[in-house]
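Structure, as structure tokens:
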Amino acid sequence: MVWIAELLVADEPEAWRECGFTVDDDSVCQIGTVRVRLDPTAADKGIVSWALHDALEGTTSVDGLTTTTGVVAEAPPPVHKIGAEIIDHLVVLSPDVVRTVAVLDGLGLPLRGMKDSDTYGKPMRQAFFRMGEVILEVVGGPEADPRGGPARFYGIALTMTSLDDAKSFLGDRMGTPKPAAQEGRLITTIHADLRVPVALMSA
């Protein structure tokens, strides 16, 4: 199975520390089995690239997503003051969900599900893949965008030990939880000086 080993994020390590994440001296924040490497010089903002474990050697792009190879962390993750346990899902935006699904299938990732919904206020298509402990969620319009373009990384959602504990730490830097798409779970977002969208989910 292809796993996500690492995400390169163009953000300040100190901003993550201030939000309760443990970041080591190499500017790496390990969440579950995934290393989040923080480098504010890598781009203006956002998730820049991913490193995949067990992917085909020599893979440099997945439908426009900059890709390298890597190895999943074997060391146990540190304890985060905010209570982050794992990356629940990584969101990728695509102008053509069917095209991106086909590329991922060629990488050896079986499609786990696809649905059309208006969960976020407008019609969209969502496709889901399992990449180790992380769910990859590909999101786009119900029809392909005629303008085309590559897929791009958007943000991450984290499974938390407790949203109440996270609220105690973050205060007004955390939004009000609301029902998530997954039945029985709640979701909210961090409203802080982070350069990538980070959502928080109940277990």
Side-chain angles (χ1 to χ4, degrees), residues 1-94 100 103-110 112 127-139 150-161 190 192-201:
M1 177 188 290
V2 179
W3 289 49
I4 300 172
E6 186 171 297
L7 296 172
L8 173 60
V9 176
D11 209 348
E12 296 284 352
E14 192 56 37
W16 284 60
R17 292 188 182 105
E18 289 176 357
C19 286
F21 294 98
T22 299
V23 181
D24 68 19
D25 292 339
D26 293 321
S27 299
V28 173
C29 173
Q30 183 181 331
I31 305 173
T33 58
V34 180
R35 293 180 297 273
V36 178
R37 188 170 300 277
L38 300 164
D39 181 359
T41 69
D44 290 336
K45 63 179 181 178
I47 302 171
V48 179
S49 64
W50 59 4
L52 302 182
H53 177 96
D54 216 19
L56 184 65
E57 189 172 348
T59 301
T60 59
S61 176
V62 177
D63 201 29
L65 304 173
T66 301
T67 305
T68 60
T69 56
V71 178
V72 169
E74 295 182 356
V79 174
H80 300 281
K81 293 178 182 177
I82 193 176
E85 294 186 330
I86 65 169
I87 297 179
D88 184 272
H89 59 276
L90 166 67
V91 179
V92 163
L93 303 181
S94 173
T100 303
V103 173
L104 290 164
D105 179 72
L107 195 67
L109 287 171
R112 293 298 182 95
F128 303 93
F129 299 83
R130 170 65 69 177
M131 301 185 74
E133 68 184 10
V134 182
I135 295 169
L136 173 63
E137 179 181 346
V138 180
V139 179
R152 60 187 178 90
F153 297 107
Y154 178 67
I156 57 175
L158 311 177
T159 296
M160 308 298 292
T161 303
I190 294 179
D193 193 24
L194 300 182
R195 294 162 64 183
V196 62
V198 178
L200 310 178
M201 301 185 69

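Fair warning: this is a prediction, and the values are worked out from it, not measured in the lab.
- Counting only distance, with no hydrogens or angles, the side chain of Gln30 and the backbone of Gly32 share a donor-acceptor pair below 3.5 Å.
- Checked by atom type and distance alone, the side chain of Asp24 pairs as donor or acceptor with a backbone atom of Asp26 at under 3.5 Å.
- Between Leu104 and Val62, the closest side-chain pair of non-hydrogen atoms falls below 4.5 Å.
- Judged by distance alone, with hydrogens and angles left aside, the side-chain atoms of His80 form no donor-acceptor pair with the main-chain N or O of Gly20 at under 3.5 Å.
- The 12-atom threshold is exceeded at CZ of Arg195, counting heavy atoms of other residues, nucleotides or ligands nearer than 6.0 Å.
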Please report the C-alpha distance between Val36 and Ile87 in whole Å, then the side-chain angles of each, then the deciding distance to 0.1 Å, and finally whether the side-chain contact (heavy atoms from CB on, under 4.5 Å) criterion is met. CA-CA 10 Å; Val36 178; Ile87 297 179; 4.3 Å; yes
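- In this structure, the side chain to side chain contact (heavy atoms under 4.5 Å, CB included) partners of Arg130, at least two apart in sequence or on a different chain, are Met1, Arg112, Ile135.
- Defined by atom type and a distance below 3.5 Å, a donor-acceptor pair is present between the side-chain atoms of Thr161 and Glu85.
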Can you check side-chain contact (heavy atoms from CB on, under 4.5 Å) on Leu90 and Ile47, steps first, answer last? CA-CA 10 Å; Leu90 166 67; Ile47 302 171; 3.6 Å; yes
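- In this structure, the side chains of Leu200 and Ile190 come closer than 4.5 Å at one or more pairs of heavy atoms.
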Return all side-chain donor-acceptor pairs below 3.5 angstrom for residues 49-60, not counting sequence neighbours, or 'none' if the list is empty.
{"residue": "Trp50", "atom": "NE1", "partner": "Thr67", "partner atom": "OG1", "Å": "2.8"}
{"residue": "His53", "atom": "ND1", "partner": "Val72", "partner atom": "N", "Å": "3.2"}
{"residue": "Thr59", "atom": "OG1", "partner": "Leu56", "partner atom": "O", "Å": "2.6"}

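- Classification of the Trp16-Phe21 ring pair by plane angle, with boundaries at 30° and 60°, yields tilted.
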